[in-house]
Protein chains: 2
Amino acid sequence: MKRRNTPTKEAVLEVLKTAGKAMSQDAIEQEIHMDINRATIYRVLNRFCEDGVLHRIVADDGKQYFALSDKNDNNKVSDNHFHFKCLACDTIECLPNKVSFTVPNAYSVAHMNCVLTGICKDCS
Amino acid sequence: MKRRNTPTKEAVLEVLKTAGKAMSQDAIEQEIHMDINRATIYRVLNRFCEDGVLHRIVADDGKQYFALSDKNDNNKVSDNHFHFKCLACDTIECLPNKVSFTVPNAYSVAHMNCVLTGICKDCS
DNA sequence: ATCTTTAATGCAATTTTGTCGCATTTGTTA
DNA sequence: TAACAAATGCGACAAAATTGCATTAAAGAT
């Protein structure tokens with residue numbers, strides 16, 4: 001199942017690169033100045049996550065947000081970092097701070113989803 | 001707006017105490033052997049969260065899970081702890097490990113939602 | 001340049017999760 | 001026991017995300 005390049009994929013990536021923060025499907029759709037179906041955007045985003053191009057954050061509103069992964073991001077943050085959701089400007093960004101944790105014996109961790117909520121530097 | 005005691009509230013609390021882990025509305029409904037409306041359970045859960053009896057966790061499936069808060073739990077975990085979702089048995093539990101983090105200057109944190117996903121001790 | 005294969009898309013319907021308005025019921029207190 | 005307001009049931013609704021299916025269009029082969 002080889003991937004193909006399509007205008008939609010390029011547009012989605014472009015939007016996320018420009019924004020420099022995590023975005024939800026509907027926010028992405030609003031920024032793309034093309035008429036692309038909702039379901040298609042979801043499929044593109046899911047494929048990017050599968051391929052490691054994006055990573056998915058689930059905020060405490062239950063919505064999925066998507067942000068560039070390391071390999072496609074010029075910043076040096078890794079994927080196991082904290083995310084910060086600002087209550088004022090309602091944006092989600094990747095913090096440079098890594099999540100450090102220990103788990104009790106016999107637990108193994110495959111994935112993490114850590115979101116801090118509060119007021120960001122631009123809104124304080 | 002003083003709270004009243006109702007059978008529904010008692011039943012919900014009882015289920016959560018017995019389970020000893022975080023549960024979603026539908027899981028709670030299944031465990032309650034009474035015919036209680038979905039919306040009512042949601043309202044009870046939300047009120048409990050307002051009152052600090054429960055705390056709410058949003059897992060990476062986007063669903064809300066509810067667990068007893070400190071004051072009502074005999075365990076000594078505090079509310080700013082990691083949660084662990086097991087991929088095998090699909091349960092969510094509160095880990096004793098506290099979340100420690102630092103944020104960049106001028107950020108203030110009001111709330112956190114941290115869920116680790118993997119295999120729990122019972123399933124490994 | 002054209003054909004072929006199959007990934008990608010559009011559309012509509014569906015599922016899931018959670019909330020809300022409103023009439024009715026029921027705790028609680030006087 | 002009466003009265004007030006919180007709690008409930010019911011139905012409708014909203015938002016987020018997925019899925020089936022027919023159609024379109026990349027990408028490699030001819």
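Reminder, nothing fancy here: chain letters follow the sequence lines and each chain counts from 1.
- Between Thr40(A) and the choices Thr8(A), Val12(A), Thr6(A), Leu45(A), the side chain to side chain contact (heavy atoms under 4.5 Å, CB included) rule is met once, by Thr8(A).
- Tyr42(B) has no side-chain polar atom (N or O) that falls below the 4.0 Å cut-off from OP1 or OP2 of dT19(C).
- Asn46(A) and Arg56(A) share a side-chain donor-acceptor pair at under 3.5 Å.
- Between Phe48(A) and Phe66(A), the gap from one ring centroid to the other reaches at least 6.0 Å.
- Applying the salt bridge (Lys or Arg N to Asp or Glu O under 4.0 Å) rule to Asp122(B) yields no partners; only residues at least two apart in sequence or on another chain are considered.
- With rounding to whole Å, Glu50(A) atom CD is found 13 Å from dA7(C) atom P.
- Within 4.0 Å of Gln25(B), counting heavy atoms only, lies no atom of the nucleic acid at all.
- Separating the CD atom of Glu10(B) from the P atom of dT26(C) is a distance of 15 Å, rounded to the nearest angstrom.
- At the heavy-atom level, Asp26(B) lies nowhere under 4.0 Å from the strands shown.
- At least one donor-acceptor pair under 3.5 Å links the side chain of Asn97(A) to the backbone N or O of Thr102(B).
- In this structure, Asn37(A) contributes its side chain and Ala39(A) its backbone to a donor-acceptor pair below 3.5 Å.
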Please tabulate the protein-to-nucleotide N/O contacts below 3.5 Å involving nucleotides 6-9 of chain D, giving atom names and distances.
residue	atom	partner	partner atom	Å
dA6(D)	O4'	Arg4(B)	NE	3.3
dA6(D)	O4'	Arg4(B)	NH2	3.3
dA6(D)	O3'	Lys2(B)	O	3.3
dA6(D)	N3	Arg4(B)	NH1	3.1
dA7(D)	OP1	Arg4(B)	N	3.1
dT8(D)	OP1	Thr6(B)	OG1	2.8
dT8(D)	OP1	Thr8(B)	OG1	3.3
dT8(D)	OP2	Arg47(B)	NH1	3.4
dT8(D)	OP2	Arg47(B)	NH2	3.1
dG9(D)	OP2	Asn37(B)	N	3.1
dG9(D)	OP2	Thr40(B)	OG1	2.8
dG9(D)	N7	Arg43(B)	NH2	3.0
dG9(D)	O6	Arg43(B)	NH1	3.4
dG9(D)	O6	Arg43(B)	NH2	3.1

